Chemist: 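First the structure, then my questions, so here it is.
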Amino acid sequence: MLRSDQIMATVEMIQKENLDVRTVTMGINLLDCRRDTVKDTCDRVEAKIAEKSDKFVETCNKVSMKYGIPVVNKRISVTPASFVGAGFKIHDFVALAKSLDRAAENAGVDILGGFSAQVEKGITDTDREFIASIPQSLEETERLCASINVGSSQKGINMEAVAMMGKTIKDLAERTSANGGFGAAKFVVFCNQPGDNPFMAGAIHGLEEAEVVLNVGVSGPGVIARSLEKTIKKRGKENLKLDDIAEEIKQITFRVTRCGELIGRQVSQELGVEFGVIDLSLAPTPKIGDSVGEILQILGVDVVGAPGSTAILALLNDAVKKGGIFASKAVGGLSGAFIPVMEDAVLADAVGKGALTLEKLEAMTCVCSVGLDMIPIPGDVGADTISAIIADEMALGMINQKTTAVRLIPVPGKTVGEMVSFGGLFGASPIMEVRNVNKSGRFIAWGGRIPAPIHSFKN
Amino acid sequence: MKKQFVISVMSKDRPGIVADITGTILDLDGDLADLNQSVLGGFFTMILIAEFDAKVTPEDVFAGFSHIQSETRIEANIKELTVPLETFKAELPKETFVVTGQGENRKGLVKIMGDFFNYRNINILDLVTTRDEQLYTMIFQVDLSSIDSVEDLRSELAALAEREQLALVLQHNDIFRATHEIGTPFDQDIRE
């Protein structure tokens, strides 16, 4: 029987509140692509991605058309490249990067993730070659994204790797200085990196995954924001408490997640590919009205970064999880609210007003996924300071047993307050101040590891 | 020998109307099969199928209804089934979609949509319309099994929407099941 109120509520969610499926990401195992030579390995990598993703984009578009729900991004993640190219030298990894880039182009996807390594405990000879190859690899490719996992709650933080990350980010930014250091926007450093995250730049196809899987990222924060505005207007803010708001977020997230699950399962069935997880993350885009920061403002802070911002984000993140987890058979990935500064117009605006600082963002990342994301900083901030910022963020993830990440862009030749814009989904923001620069060198110089925390010993 | 009647009833709605109507059928030793009821604008309507002994006539049922006390008299239509009942299908057709239409109220809106579907041999499975002040809302549940391209249909609906100044949206029925039911339309019965 048709219930007109329910039908119209859903239609409104799709039409007016821009409900979509933010990403469908196909994860492909490349471990069996190894051949005797680098060239043969690269050829096999390209051939396998082509074979597995042959009908991927076409099927996403077909299902999207049938259900009337846009699938905004179609992406590919692969087995971390350091495993695929074990024994490779720097130039070999650059060749592999170019193959992955070509494979992404041929598959019709805009981004491919998985140019990655996992060095949270130790660094192999291959890992060193691989990490050294990252700046050139990202400079000479268009669609490739790289990530390194340098810490985990189980193994602690590899501080030698953290020190290398600061240098890598600087090198990446300087090599791409003509584009504002854009290369650094395609590189992210993780603690507790999940192997089933569909969102870029940190998507990989983890070693624990099946041959090919589809992971789905749900719709963005715009649907939640519009729904909250509607509810507050309809019921009157004097009649609502924060627990009512949390309940509303849960219910809308349930619906949003179900749409993602429906589309994802249909695509996976048509492709004959295993369905992986739904990632409940609210991923903002620079588009007006698709902002996590806007939700914080709707819920009561006049500017993002004001006291209360962390508490609201905690409420939002938790309600999103509670609503989504019952709606899906399998939830995974990052699943929380993203706060990427350049990709969220309201956050970028708060940076411009001086309301949102690096320290406040760091506090906010304790209660949401993922971390210090897409933050442009002055080009003269040194590698050691960047590494120390990474170490702080990794420590939050390690101790709190959650994923944290850092994606900083030291914009060459620019300083605090100047605008930087990468266009499209990567967005724009004024450059954020980094305080206390060049005061962490002695800490980073130690190297070694920060041991795993006491609560990791659960066996 | 048994016989089956299709009975439709309309009256002003009030508590006890279902008990009175079904009580009349029971008094005639009738056995209810499928039944559907609805209330619209304070009026109650019911359509049902019931099986009776061969000796029971429509007039007996009318007579039973005439004793029911109501603000308006019970209006009924009774038709004896001469062919076997169509088997009731709990499952909707595979390609069930929902078309919603909204626009400023004017005469002929449902007819416009009805013609659109009829021209394309699209069967309407369920229909609800409401008027809220000047906003007229129509919700059609339709079977698109006979449609080759949903994409083409979307374009045709978009053209109709523009021509008739209506907001028309076509969505798969599974979307509404997924977003409003505890159980999911996935797994066993996910649509091909």
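These figures come from a predicted structure and were not determined experimentally. All chains are named by letter (A, B, ...) in the order of the sequence lines, taking the proteins before the strands, and each is independently numbered beginning at 1.
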Chemist: Inspect the surroundings of NZ in A:K62 and state if more than 12 heavy atoms from other residues, nucleotides or ligands are less than 6.0 Å away.
Modeler: no

Chemist: Just wondering, do B:E95 and A:K66 contact through their side chains at under 4.5 Å, heavy atoms?
Modeler: yes

Chemist: Closest approach of A:I7 and B:F176, non-hydrogen atoms and distance?
Modeler: O-CE2, 3.6 Å

Chemist: Please examine the side chains of B:T179 and A:M13, heavy atoms only from C-beta on, and report whether any two atoms are closer than 4.5 Å.
Modeler: yes

Chemist: Give, as side chain, backbone, both or neither, the part of B:L144 having an atom under 4.5 angstrom from any heavy atom of chain A.
Modeler: neither

Chemist: Between A:Q6 and chain B, which part of the residue has a heavy atom less than 4.5 Å away: side chain, backbone, both or neither?
Modeler: both

Chemist: Measuring heavy-atom distances to chain A, does B:T137 have an atom under 4.5 Å in its side chain, in its backbone, in both, or in neither?
Modeler: side chain

Chemist: Might you point out which heavy atoms bring B:H172 and A:Y67 nearest each other, and give the distance in Å?
Modeler: CB-CD2, 3.4 Å

Chemist: Need one label for A:F326: side chain, backbone, both or neither, based on atoms under 4.5 Å from any heavy atom in chain B.
Modeler: side chain

Chemist: Would you say CD of B:E151 has more than 12 non-hydrogen atoms from neighbouring residues, nucleotides or ligands within 6.0 angstrom?
Modeler: no

Chemist: Can you tell if the side chain of A:R258 reaches within under 4.5 Å of the side chain of B:R177, non-hydrogen atoms only?
Modeler: no

Chemist: Does a sphere of radius 6.0 Å around CG in A:D243 hold more than 12 heavy atoms from other residues, nucleotides or ligands, not counting ones at 6.0 Å or beyond?
Modeler: yes

Chemist: Of all of B:T100, B:I182, B:I175, which one pairs up most often with chain A through heavy atoms under 4.5 Å apart?
Modeler: B:I175

